[in-house]
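Quick notes on the structure that follows.
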Protein chains: 4
Amino acid sequence: MSKEKIIQAAIEVFSENGYHRASMDEIAARAQVAKGTLYYNFPGKSQLFKTVVKQGFEDIMRRTEADLNSPLPIKEMIMRTIRHHLDLFLESRHFSHIVFNEISNGIEQDVLEELKELKRTHIGFLAKIIEDGKCEENLFRDVDANLAAVSMIGTLESVCNYYLNHQEAYTREDLEQFAFTVITQGLFISVE
Amino acid sequence: MSKEKIIQAAIEVFSENGYHRASMDEIAARAQVAKGTLYYNFPGKSQLFKTVVKQGFEDIMRRTEADLNSPLPIKEMIMRTIRHHLDLFLESRHFSHIVFNEISNGIEQDVLEELKELKRTHIGFLAKIIEDGKCEENLFRDVDANLAAVSMIGTLESVCNYYLNHQEAYTREDLEQFAFTVITQGLFISVE
Amino acid sequence: MSKEKIIQAAIEVFSENGYHRASMDEIAARAQVAKGTLYYNFPGKSQLFKTVVKQGFEDIMRRTEADLNSPLPIKEMIMRTIRHHLDLFLESRHFSHIVFNEISNGIEQDVLEELKELKRTHIGFLAKIIEDGKCEENLFRDVDANLAAVSMIGTLESVCNYYLNHQEAYTREDLEQFAFTVITQGLFISVE
Amino acid sequence: MSKEKIIQAAIEVFSENGYHRASMDEIAARAQVAKGTLYYNFPGKSQLFKTVVKQGFEDIMRRTEADLNSPLPIKEMIMRTIRHHLDLFLESRHFSHIVFNEISNGIEQDVLEELKELKRTHIGFLAKIIEDGKCEENLFRDVDANLAAVSMIGTLESVCNYYLNHQEAYTREDLEQFAFTVITQGLFISVE
DNA sequence: CATGAATGAGAATTCATTCAT
DNA sequence: GATGAATGAATTCTCATTCAT
């Protein structure tokens with residue numbers, strides 16, 4: 001059906017170009033529908049973008065959640081969470097960038113609000129994993145869980161971006177290992 | 001003189017809107033010069049952007065360097081580096097975002113190349129601080145210094161972004177403390 | 001439909017102003033369509049120009065060819081060819097000028113190449129008429145047919161241009177007669 | 001002095017680009033003077049253009065006249081006239097094109113009038129050579145001398161243009177010979 | 001449901017010209 | 001005489017959106 005084709009095309013185009021550089025023309029072309037069809041299915045560019053972003057967030061949360069169903073040690077949970085986020089970030093670099101960062105630019109206020117809400121949900125989702133970990137195994141440092149979630153996302157996104165430009169220097173496993181280490185243990189060897 | 005006024009206006013406008021949303025019209029208006037004056041002083045939008053970004057990078061590196069030239073313990077150096085980056089990020093939120101993330105979107109190829117070079121320089125600058133620290137005090141974990149630099153930037157930017165939307169919940173000192181902790185020690189309390 | 005209206009308007013505007021003085025705004029206004037419609041139908045100014053020129057060339061060749069179908073004495077064929085070219089040149093003075101001369105200025109290289117090709121085709125078309133004449137009636141001097149074609153066009157265009165500025169002094173018939181004489185017999189009465 | 005440098009630069013730039021594509025910036029750069037200096041010496045672009053065109057006309061007329069002041073047979077006079085015009089046309093292809101054709105486009109009315117006057121003078125100059133020939137040797141056909149002059153210019157310009165694009169196929173001598181033949185005797189071998 | 005022709009507001013860029021020094 | 005920074009009108013082109021079919 002058109003709607004699904006459009007969303008897939010939109011994911012591609014937004015991912016490759018960012019919100020502003022992405023054009024409805026190209027999305028339509030990529031989806032192999034007429035431009036009018038875009039507007040038949042979505043009220044406008046920003047709404048289409050919202051749908052795409054929403055799907056991305058839901059996707060990563062669903063994937064992560066599914067993988068965390070069975071009771072696992074915290075370390076393993078964090079490792080898996082990192083892995084799922086790396087997957088998403090490496091699949092569609094710009095998309096993740098948009099999702100986590102570009103939400104602010106030139107989008108209608110109301111859509112913007114919804115996007116921020118989605119972002120909050122995602123941060124909350126990660127924060128909850130962290131909070132749960134705190135209670136269960138007393139492994140986490142007593143820091144604000146939201147900030148912790150946010151810093152984790154920032155690290156992952158930034159590191160992925162660098163990796164994508166220097167793939168010759170690292171393997172995907174290096175990346176995972178590095179991310180896990182730096183997120184959980186930081187840069188210093190030990191602090192009294 | 002016009003050139004300086006334009007750069008200041010451009011910093012503002014690019015910071016507030018990102019590269020694509022920023023219009024030469026608004027930059028000219030903000031700088032209180034005619035649109036032609038922009039093109040008299042800069043070959044085009046992307047070149048102006050490059051100038052602005054360059055200035056930002058040089059600024060933060062100069063500031064940081066100036067503050068680090070006396071011999072200091074590593075911890076203090078990292079703390080100050082973090083502080084300077086937070087300063088920049090909080091001063092011009094979108095600007096830092098652009099500088100560290102948006103460098104990829106729809107900018108002329110040649111300018112893009114120069115921007116990437118600037119970015120590499122900055123990463124190298126941070127990596128060097130980390131490398132030096134490794135040698136001198138044996139405090140750093142043996143991780144890749146470039147990835148370490150990149151992850152640090154990612155954390156700081158992401159955390160700043162969150163902070164700017166939740167200023168009521170945290171103080172600037174909270175932020176600094178959190179960033180320092182999470183960057184140097186990670187989220188976990190102890191590791192065997 | 002828009003496309004045809006635009007081409008007609010473009011012929012007018014290009015004819016009256018030449019390529020560079022012609023503005024897309026005016027073409028749009030003359031065609032009574034929005035500016036965007038121009039760009040919906042043609043990729044840009046130079047492509048629109050190319051279309052217009054192409055149509056002009058095809059037009060004159062078609063008209064001439066149609067009139068030369070039946071077997072005619074060479075003299076009559078040349079006369080008719082001259083007549084058709086005068087028609088075109090007098091109809092749209094600048095257009096013909098552009099077509100035959102302005103092809104060189106500030107047009108994208110690829111479009112320019114196509115225009116030159118069109119011009120070559122037209123020269124070849126005239127040269128063929130001349131070549132055929134040579135064989136059939138042994139009337140033509142043994143000169144290079146391409147140069148002959150080119151000099152014929154030059155004479156006609158130049159003479160038309162002058163005529164358009166001095167219409168009070170000559171009739172259209174004078175013009176035709178003069179062109180025929182000077183092209184076929186030259187300025188001198190007789191040469192041994 | 002500046003004035004002369006500017007004129008030389010202007011000749012070059014107008015020749016290479018035509019009136020509209022030529023920019024005052026480039027003329028200034030080519031003349032190695034500041035842009036203001038152009039306007040100090042000439043009231044504006046069109047006036048500068050007029051000066052340049054005037055100089056071109058005067059130049060060719062002077063050269064031709066100098067070469068024709070000894071008594072010569074008509075044929076030789078025509079040959080020399082053709083030769084001088086070919087010289088000019090081949091030296092600065094676009095310039096001659098401008099001089100003989102582009103004078104009409106988007107130039108201020110008053111300057112345009114002066115340019116037309118210059119053109120008329122040149123046509124008159126050629127027409128006079130033809131008229132004189134008529135009287136003296138009774139060699140010329142009894143055609144309008146102005147039209148004859150104009151058609152001669154058209155032939156020469158058109159043929160030069162073609163030659164410049166096909167230099168591999170003809171020599172300069174071929175060109176001269178062809179031009180002389182076609183102008184004086186036309187394309188047909190004999191007429192009853 | 002779907003189309004695609006048409007729109008028009010807005011953006012970047014060019015360039016002849018002015019003017020204070 | 002000469003300069004060059006500054007101007008702003010004009011120009012090409014883009015693209016989200018609308019609407020009749």
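Everything numeric in this text was worked out from a predicted model, so none of it was measured. We name chains A, B, ... by the order of the sequence lines, and we start the count at 1 in each one.
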To the nearest Å, give me how far apart [atom1] ([X]) and [atom2] ([N]) are.
X: His20(A); N: dT14(F); atom1: NE2; atom2: P; result: 18 Å
X: Glu26(C); N: dA9(F); atom1: CD; atom2: P; result: 20 Å
X: Leu48(B); N: dA11(E); atom1: CG; atom2: P; result: 16 Å
X: Arg21(C); N: dC15(E); atom1: CZ; atom2: C1'; result: 14 Å
X: Gln47(B); N: dA12(E); atom1: CD; atom2: P; result: 15 Å
X: Phe42(A); N: dC1(E); atom1: CZ; atom2: P; result: 13 Å
X: Lys45(B); N: dT14(F); atom1: NZ; atom2: P; result: 14 Å
X: Met24(A); N: dT3(E); atom1: CE; atom2: P; result: 14 Å

Sugar-phosphate only, base, or nothing, as touched by [X] at under 4.0 Å among non-hydrogen atoms:
X: Ala22(A); answer: sugar-phosphate
X: Asp25(C); answer: base
X: Ala28(B); answer: nothing

pair [X]-[Y]: side-chain heavy atoms closer than 4.5 Å:
X: Phe57(A); Y: Thr121(A); answer: no
X: Tyr19(B); Y: His20(A); answer: no
X: Thr51(A); Y: Lys54(A); answer: no

Does a side-chain N or O from [X] land closer than 4.0 Å to OP1 or OP2 of [N], or not?
X: Ser2(A); N: dA2(E); value: yes
X: Asn41(B); N: dA6(F); value: yes
X: Tyr39(C); N: dT14(F); value: no

Original post:
Under a 3.5 Å cut-off for both distances, is dT3(E) Watson-Crick or wobble paired, and to whom?
Top reply: dA20(F)
Original post:
What is the pairing partner of dC15(E), taking Watson-Crick or G-U wobble pairs with both distances under 3.5 Å in any strand?
Top reply: dG8(F)
**OP:** Identify which nucleotide among dT7(E), dC1(E), dT18(F) has an atom closest to any side-chain atom of Val33(C), counting heavy atoms from C-beta outward.
**Re:** dT7(E)
Original post:
Hey, are Glu117(A) and Arg120(A) close enough for a salt bridge, meaning a charged N less than 4.0 Å from a carboxylate O?
Top reply: yes
Original post:
So, are Glu26(D) and Arg30(D) salt-bridged, with charged N and O less than 4.0 Å apart?
Top reply: yes
Original post:
Taking for each residue the nucleotide of DNA chain E with the nearest heavy atom, is it Lys35(C) or Gly44(B) whose nucleotide lies nearer the 5' end?
Top reply: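 Whichever sits nearer the 5' end wins; that is Lys35(C).
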Original post:
How do Leu38(C) and Ser23(B) order along DNA chain E: which one's closest nucleotide is nearer the 5' end?
Top reply: Leu38(C)
Original post:
Which word best sums up how the rings of Phe49(D) and Phe14(D) line up, parallel for under 30°, tilted for 30 to 60°, or perpendicular for over 60°?
Top reply: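 Phe49(D) vs Phe14(D) ring planes: perpendicular.
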Subject >> Integer angstrom distance from the P of dT21(F) to that of dC1(E) >> reply: 23 Å
Subject >> Nearest-nucleotide 5' precedence on DNA chain F, Met1(D) against Gly36(A) >> reply: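 Looking at DNA chain F, the more 5' nearest nucleotide goes with Met1(D).
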